[in-house]
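Taking it in order: structure first as structure tokens, then the write-up.
In this chain, numbering begins with 1 at the start of the sequence shown. These numbers come from a predicted model, not from an experiment.
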Amino acid sequence: MARERAPRAKQQKQQKQQKQAKQQQKRSKRGKGQLPSGTGTGTGAGDAGSEPEAGANGRVRSRRRGDRESVVADVGGGRAELVPDPDRPRAWTLLVDGAPQSHVDLDDPEHLGFEYQRRIGHVIDLLAPPGRPLRVLHLGGGAFTLARYVAATRPRSTQQIAERDEALVRLVRAELPLASGVRVRVRSMDAREALGAVPDGWADLVIADVFSGARTPAHLTSTEYVAEVRRVLTPGGWYTANIADGPPLTHLRGQIATVRDVFPETALIAEPGVLRGRRFGNAVLVAAALPLPVAELGRRAATDPQGARVEHGTALRDFTAGALPVRDATARDSPRPPINAFPG
């Protein structure tokens, strides 16, 4: 029997070498580009057996655990990376220059992986009776997470997304396609420019989640901008915005004052640690012309995995601490996050 093992082992070795050669040929056919100098593959860098590839479309793929690949591409806002979620077979996190932007589960669009997205999800759920279609304008697209959520929870909704970064839109459309039949129109244009093209009273909801280099551009922080938002809303429509800030919370307080200058009803959803200025984080601002369901919003926010509280009325006015509304002439980008804001 010892004599029979030698030729069999040699044959197996030859078969393995032939298989490896065929795999290499397939990789060569798929793309002959090289990794750009200095770019890595995020959390996949250094994994055993990782073999980065660059395809003809300029996207770099790196083999990851479970035979899934991260995808890296140069976009208008920097380097975009789609990282597979190890706990969900068709879920991905979008990062731009290392900053988390969106989390999407293609199998379960009702799953909202980021806390701020869950809070905006509560806003979407409470705006109208369950299942009723809405007209929604998204300022900032990311990976279209919230548009997917609206389409899944409120079928037949009509939605528009304004995302200035055309390369990012192409990446998301190619790698994370929208479900067939959804009524979502994506415009590659500046958020404020897109806002100006929307008819008066068209939207039931405007969602602002716009970041460029992890900062909200100045022209989307002023009373003139918020006045345009109110113009496009129906009389009973709501506005909600994702605001990122840290101590001493000057930007957040200024944004509350700015929105309160235009809308009579406002509420803020945030974790206590962010509200107390202990760390950099996200807060969700909600505004309307008519009273908001503050009690129910607070109940839902409190029961999230990372519980938040809702500030409203006198408490919110006290929190603003005399901050003045921001005008176009004095508007500035939101603060740059600290380097340890997004540990990776």
Side-chain angles (χ1 to χ4, degrees), residues 90-92 94 101-114 116-211 216 220 225-226 228-242 284-289 292:
R90 296 189 69 216
W92 303 81
L94 168 66
Q101 301 289 324
S102 300
H103 181 276
V104 172
D105 189 336
L106 297 179
D107 285 338
D108 183 11
E110 295 186 35
H111 172 76
L112 299 175
F114 289 174
Y116 87 86
Q117 291 178 335
R118 289 195 190 104
R119 292 161 193 158
I120 295 178
H122 298 326
V123 173
I124 295 168
D125 293 343
L126 291 173
L127 174 55
R132 178 182 292 179
L134 297 175
R135 288 180 295 184
V136 184
L137 173 63
H138 301 262
L139 303 178
F144 312 158
T145 303
L146 293 169
R148 300 173 200 266
Y149 181 82
V150 171
T153 59
R154 297 180 177 277
R156 301 183 308 283
S157 291
T158 301
Q159 304 184 73
Q160 296 185 45
I161 298 174
E163 173 54 64
R164 183 177 63 177
D165 195 330
E166 292 186 45
L168 179 60
V169 170
R170 289 195 298 269
L171 173 68
V172 172
R173 282 189 179 278
E175 303 293 338
L176 307 174
L178 289 164
S180 60
V182 299
R183 300 176 181 178
V184 178
R185 180 182 181 185
V186 184
R187 294 182 172 185
S188 295
M189 60 192 305
D190 175 79
R192 191 155 167 181
E193 181 184 352
L195 190 61
V198 177
D200 293 0
W202 179 85
D204 298 304
L205 177 64
V206 174
I207 300 173
D209 187 15
V210 185
F211 290 87
T216 300
L220 302 177
Y225 153 75
V226 179
E228 273 292 280
V229 170
R230 184 166 183 181
R231 177 188 64 79
V232 307
L233 285 172
T234 63
W238 293 2
Y239 170 58
T240 186
N242 175 30
V284 171
L285 188 58
V286 189
L292 295 164

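- By the 30° and 60° cut-offs, the orientation of the rings of Phe114 relative to His103 is tilted.
- Nearest heavy atoms, Gly141 versus Ile161: CA-CG2, 3.6 Å.
- Arg156 contributes no side-chain N or O that, together with a main-chain N or O of Pro133, makes up a donor-acceptor pair within less than 3.5 Å.
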Derivation and outcome, side chain to side chain contact (heavy atoms under 4.5 Å, CB included), residues Trp238 and Asp204: CA-CA 6 Å; Trp238 293 2; Asp204 298 304; over 6 Å; no
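- Heavy-atom neighbours of Arg164 CZ from other residues, nucleotides or ligands within 6.0 Å: at or below the threshold of 12.
- Not one N or O on the side chain of Arg148 forms a donor-acceptor pair closer than 3.5 Å with the backbone of Asp105.
- Here NE2 of His122 is found 9.0 Å from CG of Leu112. Values are rounded to the nearest 0.5 Å.
- Scanning both residues, Leu134 and Ala128, for their nearest heavy atoms gives CD2-CB, 3.9 Å.
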Stepwise side-chain hydrogen bond (donor to acceptor under 3.5 Å, both in side chains) test for Gln159 and His138: CA-CA 8 Å; Gln159 304 184 73; His138 301 262; 2.6 Å; yes
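- Arg230 places no side-chain N or O within 3.5 Å of a backbone atom of Ala289 that could act as its donor or acceptor partner.
- Rounding to the nearest 0.5 angstrom, the gap separating the CZ atom in Arg119 from the CG atom in Asn242 is 9.5 Å.
- Closest heavy-atom contact between Arg173 and Phe144: CG-CE1, 4.4 Å.
- In this structure a side-chain-to-backbone donor-acceptor pair under 3.5 Å is present from Arg231 to Leu195.
- For the atom pair CG (Leu127) and CZ (Arg154), the distance works out to 6.5 Å, reported to the nearest 0.5 Å.
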Full working for side chain to side chain contact (heavy atoms under 4.5 Å, CB included) between Leu205 and Tyr239: CA-CA 6 Å; Leu205 177 64; Tyr239 170 58; over 6 Å; no
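- To the nearest 0.5 Å, atom CD of residue Glu110 and atom CG of residue Asp125 are 8.5 Å apart.
- With hydrogens and angles ignored, the 3.5 Å screen pairs no side-chain donor or acceptor of Arg187 with any backbone N or O of Ala162.
- Thr240 contributes no side-chain N or O that, together with a main-chain N or O of Val286, makes up a donor-acceptor pair within less than 3.5 Å.
- Looking at every heavy atom in both residues, Phe211 comes nearest to Thr216 through CE2-OG1, 3.5 Å.
- Judged purely by atom type and a 3.5 angstrom limit, Ser188 has no side-chain atom pairing as donor or acceptor with the backbone of Glu166.
- Within the 4.5 Å cutoff, the side chain of Trp202 has heavy atoms near those of the Gln160 side chain.
- Remark: Asp190 CG to Leu139 CG distance equals 9.5 Å, nearest 0.5 Å.
- Here the closest non-hydrogen pair linking Trp92 and Leu106 is NE1-CD1, 4.5 Å.
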